[in-house]
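We name chains A, B, ... by the order of the sequence lines, and we start the count at 1 in each one.
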Amino acid sequence: MTGGTPVAGETLPGAGDDGDDGADRVVCHVDMDCFYASCERLRHPDLAGEPVVVGMGYEPGESIGAVATASYEARAFGVDSAMPISEALELLPRRADADPDDPDAPDPAETGRYLPVDLDFYEEVASEVKAVLRDCADTRREVSIDEAYLDVTDRTSWAVAGDDPDDPPPSGAAGPSEARTLAEGYARHVKDRIEREAGVPASVGVAPNMSAAKVASDADKPDGLVVVPPGSVAEFLAPLPTADVHGVGPVTEETLADLGIETAGDLAAADRDRLAEELGERGPELSRRAAGDDDREVTPTGLPKSLSRESALPTTADEATKRETVTALAADVARRARERGCLYRTIGIKAVEPPFDVNTRARSLPGPVDDPDLVEEVALDLLGEFDETRVRKLGVRVSKLDFAETDQATLGGFEAAGDDGDRERRGGRERRGDSERRSGRERGGAGDGGKLTDWVDGPPDRGDGEEPTAERDRRDADEGQASLGDWG
DNA sequence: TCTGGGGTCCTAGGACCC
DNA sequence: TCTGGGGTCCTAGGACCC
């Protein structure tokens, strides 16, 4: 896109009522364009300009799996995210199936390139994007592998470019409608750096709050930059369909339509008590967002709340098959929990009956554990209720995660004692897990000895007086960031 | 539509406690 | 034993997002 940057609405004098007067934030939402497909193009330049479909669960030559990402060229054929590969292939045949000697073969111009998901590679690219974001904003929230919010209030402002930033025009009202704000220049800088340094395109939305920035980044994809200055947020959102508001899905959209609410403007103006009746607390909140009113701070992503694995299988009632599947999923979830250094206190399963009937069962333990055998045992026990049931998908999940506990085990057994290798570390952790399993309730008791007390005076090997809790918190934060990429 | 996998948050009802 | 009220935890399900 080479056209001018769309600036949503003009700032009308006296209309600056969206946010806190004089305290307008500058929030960017960075959304990578068809990220997986862009990553594939990065390493396969011949894919440039081609319809590209990246499928999860897809294997070359097969028609299983679902579309994870479709390039915009592929979307032009109707291929879309979450679509079964088999359906995508009908809309857009595989290039490999185009054979010039076969009159029945598809026209190569109407075919696309299909590739399986390679998350490890996408995470490498994502980490380069994140490096740019870290450089451009101190306050960030990374939402997924390809999306982040930045609060850049302290790096730029809503002042009009060319004017003295220390003396912005009142309400930004002066100047021609195409006046560029400093915020726009900064957002372009971020966008250009991502493209230059990570090699993949992004769309960026800039607004005084998160939800408007999110909508803005979506408004001109791909390769978009949409700026919504304070005072014009409500006006920018008003004509959009309710489904464009973050948090409005198909069900809510339908409910709203039944109330005669079709646009964000309708939603903003709707009776919020009525919305609360229909939608619960979410209703009024969505209405506020639609009105351009969202005071959520950009806060870093925390540690995960749950870890799960699930997998689809040909619909079956066979008990042995189901138990095998759950056993494998349980082992995998337990392994990932251990890798991330967390204990869990609740173990659950999911069993999906055709067509899409989701059943969940969960059991909480007396205390947090790291115990793969127990995950399997509990999961299989919960599965017992579905022995007769035909299922098409099974899942295993651990929740009520506890990171602090293992951190202490890690620090005590690993860092402080020196690197004794992974085996030793795991052994220590397992022993700890077992003891927790027997006496999980000991946790939280004040001054009951144990590792916490050992730390009160500082790490055993270090006399530098560094405050141990602060150190642990920092590790927590780092771990949260580092693991982000795994949840695309 | 015959939907893949990994998450988050919210709600409602029941158990249990004071 | 009944009645009332408040709070917390747990489980199950639903909606939504990427």
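The backbone N or O of A:A70 sits less than 3.5 Å from a side-chain atom of A:R75, completing a donor-acceptor pair. Looking at A:R336, its side chain does come within 3.5 Å of a backbone N or O of A:S308 through a donor-acceptor pair. Looking only at distances, a side-chain donor or acceptor of A:R392 sits under 3.5 Å from a matching main-chain atom of A:P355.
Each of A:S306 and A:G280 lies near DNA chain B, and the nucleotide nearest A:S306 is the one positioned closer to the 5' end. The nearest heavy atom of DNA chain B to A:R397 and to A:A66 marks one nucleotide each, and the one closer to the 5' end goes with A:A66.
Among the protein residues, A:E281 comes within range of the sugar-phosphate backbone only, with heavy atoms under 4.0 Å from sugar or phosphate atoms but none that close to a base. Within the nucleic acid shown, A:S81 has no heavy atom closer than 4.0 Å to any nucleic acid atom.
The nearest whole Å value for the distance from the CG atom in A:L401 to the C1' atom in B:dG7 is 12 Å. To the nearest angstrom, P of B:dG6 lies 19 Å from NZ of A:K305. The distance from atom CD of A:E310 to atom P of C:dC18 is 18 Å, rounded to the nearest whole Å. Note: CZ (A:R141) to P (C:dC18) measures 13 Å, nearest angstrom. Rounded to an integer number of Å, the gap from A:K350 NZ to B:dT8 P is 13 Å. If you measure from atom CD of A:E90 to atom P of B:dT3, you get 13 Å, rounded to the nearest angstrom. Summarising the geometry, the separation between CD1 on A:I349 and P on B:dG5 is reported as 16 Å, rounded to the nearest angstrom. With rounding to whole Å, A:I145 atom CD1 is found 15 Å from C:dC18 atom P.
OP1 or OP2 of B:dG7 has not a single side-chain nitrogen or oxygen of A:R309 nearer than 4.0 Å.
Taking a cutoff of 4.0 Å between a charged side-chain nitrogen and a carboxylate oxygen, A:D138 and A:R155 qualify as a salt bridge. Ion pairing between a basic and an acidic side chain is recognised when a charged N comes within 4.0 Å of a carboxylate O; A:R274 and A:E277 show such pairing.
You cannot call A:F356 stacked on the base of B:dC2; the centres under 5.5 Å and planes under 30° rule is not satisfied.
Summarising the geometry, atom SG belonging to A:C39 is positioned 11.5 Å from atom CG belonging to A:L115; distances are rounded to the nearest 0.5 Å. Distance check: A:H29 NE2 to A:K214 NZ gives 4.0 Å after rounding to the nearest 0.5 Å. Expressed to the nearest 0.5 Å, how far SG of A:C342 lies from CG of A:D402 amounts to 8.5 Å.
At least one cation-pi condition fails for A:R95 and A:Y114: the charged atom is not both under 6.0 angstrom from the six-membered ring centre and inside a 45 degree cone around its axis.
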Nucleotide-resolved protein contact map, nucleotides 11-17 of chain C, B/S/- at heavy-atom distance under 4.0 Å: SSS-SSS
Pair assignment for DNA chain B - dot-bracket with | for other-strand partners, Watson-Crick or G-U under 3.5 Å: ....||||||||||||||
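B:dT3 sits 15 Å from C:dC17 when the C1' atoms are compared, rounded to a whole Å.
By the 30° and 60° cut-offs, the orientation of the rings of A:F35 relative to A:Y122 is perpendicular.
Of the candidates B:dC2, B:dG6, B:dT8, B:dC2 carries the atom nearest the A:P355 side chain, counting heavy atoms from C-beta on.
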